[in-house]
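Have a look at the structure below, then the notes.
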There are 2 protein chains.
Amino acid sequence: MILLDLNSGEERPIYARIADQLKFAVAGGALRPGDLAPSVRELAKQLLVNPNTVARAYRDLQSEGLFEPVRGMGIQVAEGAVERCRQSRREMIRARIRRAIEEARESRMEPSEIEAILRDEWAKANQSTNGKA
Amino acid sequence: MILLDLNSGEERPIYARIADQLKFAVAGGALRPGDLAPSVRELAKQLLVNPNTVARAYRDLQSEGLFEPVRGMGIQVAEGAVERCRQSRREMIRARIRRAIEEARESRMEPSEIEAILRDEWAKANQSTNGKA
DNA sequence: CCTAGTGTGCTAGGCAACTAATACAGTATA
DNA sequence: TATACTGTATTAGTTGCCTAGCACACTAGG
């Protein structure tokens with residue numbers, strides 16, 4: 001099963017993207033509490049990255065209490081993880097939106113123009129990925 | 001005169017932020033074609049960074065044709081720079097908004113929740129900085 | 001002419017982040 | 001017990017950003 005997708009041609013660290021994607025998988029229900037997440041080595045092979053990079057992502061997720069290691073078995077989704085991942089996701093998205101708007105205002109862009117972009121992009125996102133799988 | 005503001009506690013390279021801020025200054029009318037931008041050394045002193053870092057920003061801006069050096073004098077805002085800086089700014093903001101929405105959708109966040117965040121943050125931005133200078 | 005200001009180019013070094021390779025410790029299963 | 005899987009820790013190497021110092025070419029102004 002393919003849970004993650006690093007495609008995003010972003011400049012963020014790989015381990016951070018992996019961690020985010022795993023959070024999203026939990027928030028979206030693809031991974032549920034008690035489930036075993038893909039092993040470090042397997043996920044590394046799947047994503048064509050070094051196992052340490054994956055391990056780093058899991059380490060961060062553990063320090064947030066979202067995943068729990070079970071030696072010899074794998075890494076398990078923690079109990080209250082769903083709600084916390086949803087909240088994390090919400091704050092992540094919100095922070096990005098907020099920052100973009102903030103910068104637009106600081107650059108003295110016309111409020112009407114900012115609003116137009118917001119409406120336009122929201123509309124585009126809804127029409128393009130509408131009849132999707 | 002203080003044109004720039006690096007405060008943004010972001011993780012982007014300093015030179016990139018300086019370049020963006022200069023573009024914004026042109027787009028917003030604080031710097032007009034023919035005006036001399038702050039000298040490399042002066043701006044470096046003002047921002048408490050190394051002159052090379054500022055020079056790097058100007059170098060990038062020149063390669064985009066937005067600023068033109070005048071030897072012995074300083075760096076001048078190019079002729080058609082205003083519209084191009086506005087366009088650059090527009091695309092920059094648009095890309096950020098688009099990316100945030102895109103990621104929200106990829107994470108399977110409910111469209112209604114995404115829209116709520118967009119409306120909420122836009123409303124907040126407008127009420128907080130309303131009666132501003 | 002001469003001084004002080006401009007931008008430009010170069011080399012060097014430090015520092016932090018990221019990735020990688022390897023070895024180690026524990027557990028399931030045959 | 002032996003094998004093969006798990007996660008973990010340590011160490012190294014690469015890269016990019018930033019700083020630093022210096023030399024060079026040019027120009028305005030005294």
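A note on names: the letters A, B, ... follow the listed sequences, proteins ahead of strands, and every chain is numbered from 1. Source: prediction; values computed, not measured.
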Can you tell me the distance, in whole Å, between the [atom1] atom of [X] and the [atom2] atom of [N]?
X      : N       : atom1 : atom2 : answer
I18(B) : dT19(D) : CD1   : C1'   : 13 Å
L47(A) : dT19(C) : CG    : C1'   : 14 Å
D60(B) : dC18(D) : CG    : P     : 11 Å
L61(A) : dG7(D)  : CG    : P     : 13 Å
L43(A) : dT6(D)  : CG    : P     : 11 Å
Q76(B) : dT27(D) : CD    : P     : 14 Å
L36(B) : dA28(D) : CG    : P     : 11 Å

Q. Do R12(B) and D20(B) have side-chain heavy atoms sitting under 4.5 Å apart?
A. yes
**Q.** Short side-chain N/O contact to dC17(D) OP1/OP2 from Y15(B), under 4.0 Å
**A.** yes
**Q.** Selection from dC18(D), dT8(D), dC18(C) that lies nearest to any side-chain heavy atom of Q62(A)
**A.** dT8(D)
Q | Nearest-0.5 Å distance that lies between atom CZ in R17(A) and atom OG1 in T53(A) | A | 10.5 Å
**Q.** Closest-nucleotide ordering on DNA chain C, the 5'-leading residue of R56(A) and R59(B)
**A.** R59(B)
**Q.** Partner residues of E115(B) under the side-chain contact (heavy atoms from CB on, under 4.5 Å) criterion, sequence neighbours left out
**A.** W122(A), R119(B)
Q) Looking at residues at least two apart in the chain, or sitting in another chain, which of them share a side-chain contact (heavy atoms from CB on, under 4.5 Å) with N52(B)? A) N50(B)
**Q.** Working for salt bridge (Lys or Arg N to Asp or Glu O under 4.0 Å), residues E83(B) and R90(B)
**A.** CA-CA 10 Å; E83(B) 187 46 46; R90(B) 195 180 310 129; 3.8 Å; yes
Q: Ignoring hydrogens and angles, state whether a donor on the side chain of E91(A) or Q87(A) is under 3.5 Å from an acceptor on the partner side chain.
A: yes
Q. Taking protein heavy atoms under 4.0 Å as touching, what does nucleotides 20-30 of chain C look like 5' to 3' if B marks base contact, S marks sugar-phosphate-only contact and - marks none?
A. BB---BBSS--
